[in-house]
Protein chains: 2
Amino acid sequence: MRMDPRKQNILLAIITDYIATAEPVGSRTIARKYRLGISPATIRNEMADLEEMGYIEQPHTSAGRIPSERGYRYYVDYLMKRQELTPEEEELVRQSYHQKVRDVGEVIQRTGQLLSQLTQYAAVVLPPKAAASCFKHIQLVQMGAEQAMLVAIMDSGAVHHRIIDIPSGITAADLEAISAVLNAKLQGRPMESIRLTLIKEIYFELSKQRRILELVMELLHDTLVRGSENRVYLTGLLNILNQPEFRHVEKVKTLLSILEQEDLLGNLLASDVGKEGVTVRIGREISCQQMSECSMVVATYSFKGRPLGTLGVLGPTRMDYAKVVTVVECLTKNLSQALERILG
Amino acid sequence: MRMDPRKQNILLAIITDYIATAEPVGSRTIARKYRLGISPATIRNEMADLEEMGYIEQPHTSAGRIPSERGYRYYVDYLMKRQELTPEEEELVRQSYHQKVRDVGEVIQRTGQLLSQLTQYAAVVLPPKAAASCFKHIQLVQMGAEQAMLVAIMDSGAVHHRIIDIPSGITAADLEAISAVLNAKLQGRPMESIRLTLIKEIYFELSKQRRILELVMELLHDTLVRGSENRVYLTGLLNILNQPEFRHVEKVKTLLSILEQEDLLGNLLASDVGKEGVTVRIGREISCQQMSECSMVVATYSFKGRPLGTLGVLGPTRMDYAKVVTVVECLTKNLSQALERILG
DNA sequence: CTTAGCACTCAACAGGTGAGAGTGCTAACA
DNA sequence: TGTTAGCACTCTCACCTGTTGAGTGCTAAG
């Protein structure tokens with residue numbers, strides 16, 4: 001059996017209606033609402049075909065049809081017309097990005113808020129990956145007798161800090177000296193480079209303060225490998241509870257149990273860093289069992305052409321893809337531009 | 001009517017049972033389970049008295065009794081026996097605080113996780129208040145052509161950072177010079193002091209770089225007044241969904257809508273900073289309408305005897321106060337000690 | 001190929017019923 | 001006077017049942 005324009009129209013109608021109402025849609029409804037010029041009976045025949053082809057399914061015998069994952073996929077790939085933002089929404093976006101910005105985290109957070117506000121689903125934003133950014137400045141500051149604070153400022157605008165133990169007897173001047181050497185060697189270098197021969201260079205120059213240096217290197221490496229960059233900005237949990245698919249607490253629980261595992265969510269997003277354009281993952285296309293009834297729409301934002309992180313929207317499979325895709329695309333651009341503006 | 005020991009025992013039994021089962025408890029149940037040596041009929045009489053006194057109430061005519069807010073209050077104040085941690089739980093706490101700590105935020109976060117894990121309710125932790133802490137180090141770093149990053153390291157272990165616009169023409173050396181002056185003047189001073197005459201002093205010394213100085217002062221002030229310190233660490237949302245009072249999504253929604261307003265939650269906690277010991281707020285004692293069906297147990301943690309912030313547990317009024325109070329007290333101590341250890 | 005008509009299916013809802021838990025009251029008892 | 005057994009009463013909840021309505025598939029006519 002092949003897809004023909006009439007089948008396409010019917011599938012489009014079914015999906016559109018289901019996205020709007022969350023109710024299984026019957027042949028009658030389509031005939032009445034979507035004026036395709038054919039009778040319910042004909043539509044029924046076509047629907048039987050569409051079901052056989054796997055695009056729609058029936059929750060039970062005497063109910064209407066709902067789109068299957070395959071149906072949504074077909075819709076997203078071939079049928080969907082993007083739905084532009086309303087003037088009010090555009091205005092909201094413009095305003096949000098023209099407020100005074102205080103740091104990168106704030107822009108990212110604000111983007112998350114916008115995402116969830118505009119789509120009414122949950123939003124996730126993965127901040128710039130630390131490993132890919134370069135050192136701008138490194139500073140060691142004495143805290144207690146045997147503690148020092150290590151602060152690393154990256155060119156992505158991220159600031160990493162951590163407390164380290166230092167051997168007693170190290171003076172503020174020593175720390176200053178070490179900071180100076182670290183700065184000289186690491187400034188402008190990507191975080192990844194600290195694994196390399198660089199380390200030896202520094203060791204040589206600072207053979208006296210070996211112990212503390214080891215700690216610093218360990219910390220920097222730590223930040224690189226599993227550092228705070230796996231933090232995820234999550235907004236709009238409340239929105240998602242308004243979706244009828246989360247009427248039952250059980251569903252909410254399974255969803256929340258996923259979202260509480262930041263690392264899992266982080267990896268999910270991280271796997272899409274660098275991809276061109278907007279990616280749509282529907283249901284089980286998300287490689288995560290418990291999220292099989294959700295969809296994600298994600299895109300990568302960048303700075304100076306370099307992909308930095310990803311942002312996305314998370315909602316039920318019955319998601320308003322037409323709108324969400326537009327919003328995600330729009331905000332990806334805006335975020336990239338904002339970063340350009342902030343970081344020069 | 002006066003409270004006598006028998007009434008107390010019955011009230012204690014009712015509350016204990018209701019906390020355990022979340023079901024209205026009847027006279028029969030008490031007679032069977034709690035062996036007070038009196039018959040259901042007698043218990044009924046006493047219950048009628050307790051109801052008249054306002055300690056318990058009936059959801060409907062033919063149901064058992066449930067404690068009223070006043071009943072919980074009496075319980076917490078006079079009847080409750082604290083429930084010590086099990087050896088396993090103590091071990092868990094010990095382990096958590098003996099892991100290697102990387103910064104203050106991390107200890108705080110871990111404390112939140114422990115709180116929610118041990119109590120099975122939601123946990124909130126208010127990080128150290130910025131205004132009360134002293135500057136340890138200030139650093140300005142050039143980012144783009146017209147942007148600089150301002151980093152302030154506080155003695156509480158907090159690191160504040162923000163991006164500011166700078167007039168073009170400012171060199172890295174200029175920034176370095178400004179940093180030096182700021183450090184000289186502000187080091188060891190509490191954040192609050194920047195409002196004072198200090199500002200004039202610095203202005204005098206740096207009259208050349210007026211523009212950028214204004215920005216820096218503005219930022220510092222900003223951080224003081226409404227800065228990131230109102231961030232709240234929130235954990236264990238998932239736990240709270242297991243409580244039967246949140247079986248219906250509506251309840252979850254109202255709760256979440258509160259918890260999403262970080263500032264509101266922050267203020268709620270902030271109002272208790274500095275109070276001695278553990279504070280229990282039951283139902284409408286929390287000055288927040290929509291949280292009238294919840295209780296909070298909070299305490300203040302400190303560093304060098306100075307109160308820094310608060311931590312607490314949020315759950316339904318039917319909360320296991322005996323356990324929660326112990327846990328909160330225990331973790332307050334542990335957190336204070338951990339900070340002592342980290343910050344020297 | 002399309003469509004009207006019809007019999008059939010099934011979820012959802014409303015109304016009715018019985019069981020069970022719990023109460024308050026009363027009268028008997030220590 | 002305080003305690004207790006007994007009893008009638010109330011109310012929720014779970015269960016059943018019949019009804020309604022939406023929707024289908026099939027068939028036969030257009």
Side-chain angles (χ1 to χ4, degrees), chain A residues 1-11 13-15 17-18 20-68 71 244-245 247-248, chain B residues 1-11 13-15 17-18 20-68 71 244-245 247-248:
Chain A
M1 206 165 330
R2 287 203 54 85
M3 203 55 152
D4 58 58
R6 194 169 69 182
K7 282 194 177 50
Q8 287 189 332
N9 280 336
I10 292 176
L11 181 56
I14 293 175
I15 296 186
D17 205 72
Y18 186 65
T21 64
E23 297 289 331
V25 14
S27 52
R28 237 184 119 83
T29 318
I30 293 183
R32 233 181 321 160
K33 276 213 229 168
Y34 295 87
R35 319 217 147 280
L36 303 179
I38 43 179
S39 77
T42 312
I43 294 174
R44 278 203 288 281
N45 288 330
E46 297 285 34
M47 278 163 92
D49 291 352
L50 284 169
E51 183 161 4
E52 202 179 320
M53 289 189 274
Y55 293 122
I56 55 179
E57 44 201 30
Q58 243 178 330
H60 58 262
T61 334
S62 76
R65 305 305 215 287
I66 63 176
S68 66
E245 20 277 281
R247 230 171 348 184
H248 296 294
Chain B
M1 207 165 329
R2 287 203 53 88
M3 203 56 152
D4 57 58
R6 194 169 70 182
K7 282 195 177 48
Q8 286 190 330
N9 280 336
I10 292 177
L11 181 57
I14 293 175
I15 296 188
D17 205 72
Y18 186 65
T21 64
E23 298 289 329
V25 16
S27 51
R28 235 185 121 85
T29 318
I30 293 183
R32 233 181 320 159
K33 276 214 231 168
Y34 296 87
R35 319 217 145 278
L36 303 178
I38 44 179
S39 78
T42 312
I43 294 175
R44 278 204 287 281
N45 288 332
E46 297 286 34
M47 278 163 93
D49 291 353
L50 285 169
E51 182 161 4
E52 202 179 319
M53 289 189 274
Y55 293 122
I56 55 178
E57 45 200 31
Q58 243 177 329
H60 58 261
T61 335
S62 76
R65 305 304 214 288
I66 63 176
S68 66
E245 19 280 278
R247 228 172 348 182
H248 296 293

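The shown structure was predicted, so the numbers you read here are calculated from the model rather than taken from an experiment. Quick note on labels: first sequence line is chain A, next is B, and so on, each numbered from 1.
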Under 3.5 Å donor-acceptor pair, B:R28 side-chain atoms to C:dG22 base atoms: no

Any donor-acceptor N/O pair under 3.5 Å between D:dT10 base and B:S62 side chain: yes

Heavy-atom donor-acceptor pair, A:Q58 side chain to A:A63 backbone, under 3.5 Å: yes

Polar side-chain atom of A:S68 near backbone of A:G54 as donor-acceptor pair, under 3.5 Å: yes

Separation of D:dA22 P from A:I66 CD1 (nearest whole Å): 19 Å

d(CG, B:N45; P, C:dA27) in whole Å: 15 Å

Atom CZ of A:R35 with >12 non-hydrogen neighbours under 6.0 angstrom: no

Sugar-phosphate only, base, or nothing, as touched by A:T42 at under 4.0 Å among non-hydrogen atoms: base

Sugar-phosphate only, base, or nothing, as touched by A:A63 at under 4.0 Å among non-hydrogen atoms: sugar-phosphate

Presence of B:R32 side-chain N/O under 4.0 Å of C:dA21 phosphate oxygens OP1/OP2: no

side-chain N/O A:R65 vs D:dG25 OP1/OP2, d < 4.0 Å: yes

Student check: side-chain heavy atoms of A:I14 and A:M47 closer than 4.5 Å: yes

